[in-house]
A.B. asks: 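Got a structure here, written out as structure tokens. Questions coming.
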Amino acid sequence: MAKEKKFPKHIAMIMDGNGRWATNRGKSRVFGHNAGMKAMKNIVKHCGDIGLEYLTVYAFSTENWKRSQEEVSGIFGLLIKYIDSELASLHKNNVRVNILGDFSIMEDAVKNRLEKTIELTKNNSGLIFNIALNYGSRAEILMAAKSLAFDYKNNLLKGDDINEEEFSKRLFTGILDIPDPDLVIRTSGEIRLSNFLMWQLAYSEMAFTDTLWPDFKPEELDEIIQDYMYRERRFGGRL
Ligand code: IPE
Ligand code: IPE
Ligand code: MG
């Protein structure tokens, strides 16, 4: 495959480092999440401006429930604040918002706002902004496996029909017709996936930066995209 200089279609981000950013300033973790929310707002705006098709952010994992009640409710309080203050402008900017993860279990104040957000923006044709919330890749893969088993048992699917495509269609991303990310970025210097999109990232390029998420700026994203465009993606093949 020739060296391609192609702009990415889908970027995924693990927004990490809010807690350390706040601790460095002698502030509470929730203060860090508030700063993280502002950084996310700027990044979403920028992704729309540069014409990115899909942006997926990891906002809350299935493991993040282990955190203190104070931090968890602080994060969801910020999510409510974000939707209340940003929904109109996201819609005006033609952004479509999706949620990856099971949010049916969330309190009504959150659930209702998420449903409203999805419904209002569902026909928008600009940036597709996916928020991974109560998301875990293992839970998602299990959900797909169960759905295949159910269809097989009910004779809706033959054994020979079980392939990668059928499997992918049953993931949150597949249900929403979201392609695999071209590039995944993790901030804060941690080099791991932490249960994020493990099926979908099989051939994604990866970028890790020491910048803590609240300090992550559109300029740094542009640099990472430039670097990505000069990488050679081989997908196992050779010229
Ligand atoms: C990422 O920042 C945001 C969430 C996980 C919700 P962290 O809260 O994980 O920040 P650190 O890793 O403790 O610095
Ligand atoms: C991953 O970050 C989850 C999100 C960014 C939402 P964590 O901070 O929860 O991951 P670990 O615990 O460092 O692996
Ligand atoms: Mg973290």
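Remember, it's 1-based here, ligands and their atoms both numbered in the order they're listed.
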A.B. asks: Would the Tyr54 and Phe129 ring centres measure less than 6.0 Å apart?
C.D. replies: no
A.B. asks: Given Tyr135, which of Leu100, Asn64, Thr56 fulfils the side chain to side chain contact (heavy atoms under 4.5 Å, CB included) condition?
C.D. replies: Leu100
A.B. asks: For the backbone of Met143 and the side chain of Ser147, can you confirm whether one donor and one acceptor N or O come within less than 3.5 Å of each other?
C.D. replies: no
A.B. asks: Run through all N or O atoms in ligand 2 and write down each protein N or O closer than 3.5 Å, as a pair with its distance.
C.D. replies:
from: ligand 2; atom 1: 8 (O); to: Asp16; atom 2: OD1; distance (Å): 3.2
from: ligand 2; atom 1: 8 (O); to: Arg67; atom 2: NH2; distance (Å): 3.3
from: ligand 2; atom 1: 9 (O); to: Asn64; atom 2: ND2; distance (Å): 2.9
from: ligand 2; atom 1: 9 (O); to: Arg67; atom 2: NH2; distance (Å): 3.2
from: ligand 2; atom 1: 10 (O); to: Arg186; atom 2: NH2; distance (Å): 3.4
from: ligand 2; atom 1: 10 (O); to: Ser194; atom 2: OG; distance (Å): 3.3
from: ligand 2; atom 1: 13 (O); to: Arg192; atom 2: NH2; distance (Å): 2.8
from: ligand 2; atom 1: 14 (O); to: Arg192; atom 2: NE; distance (Å): 2.8
from: ligand 2; atom 1: 14 (O); to: Ser194; atom 2: OG; distance (Å): 2.6

A.B. asks: So does Glu86 pair up with Lys92, basic N to acidic O under 4.0 Å?
C.D. replies: no
A.B. asks: Taking the six-membered ring of Trp21 as reference, does the NZ or CZ atom of Arg25 fall below 6.0 Å from its centre and within a 45° cone about the axis?
C.D. replies: yes
A.B. asks: Would you call Lys116 and Glu119 a salt bridge, taking side-chain N to carboxylate O under 4.0 Å as the test?
C.D. replies: no
A.B. asks: Please examine the side chains of Leu148 and Arg170, heavy atoms only from C-beta on, and report whether any two atoms are closer than 4.5 Å.
C.D. replies: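 Yes, close enough: below the 4.5 Å cut-off.
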A.B. asks: Tell me whether Asp108 is salt-bridged to Lys111, with the criterion being a basic N under 4.0 Å from an acidic carboxylate O.
C.D. replies: yes
A.B. asks: Can you tell me how far the CG atom of Leu127 sits from the SG atom of Cys47, to the nearest 0.5 Å?
C.D. replies: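 Reported value, rounded in 0.5 Å steps: 6.0 Å.
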A.B. asks: What protein atoms of element N, O or S are positioned under 2.8 Å from the Mg ion (ligand 3)?
C.D. replies: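 The answer, once waters are left aside, is Asp16 OD1.
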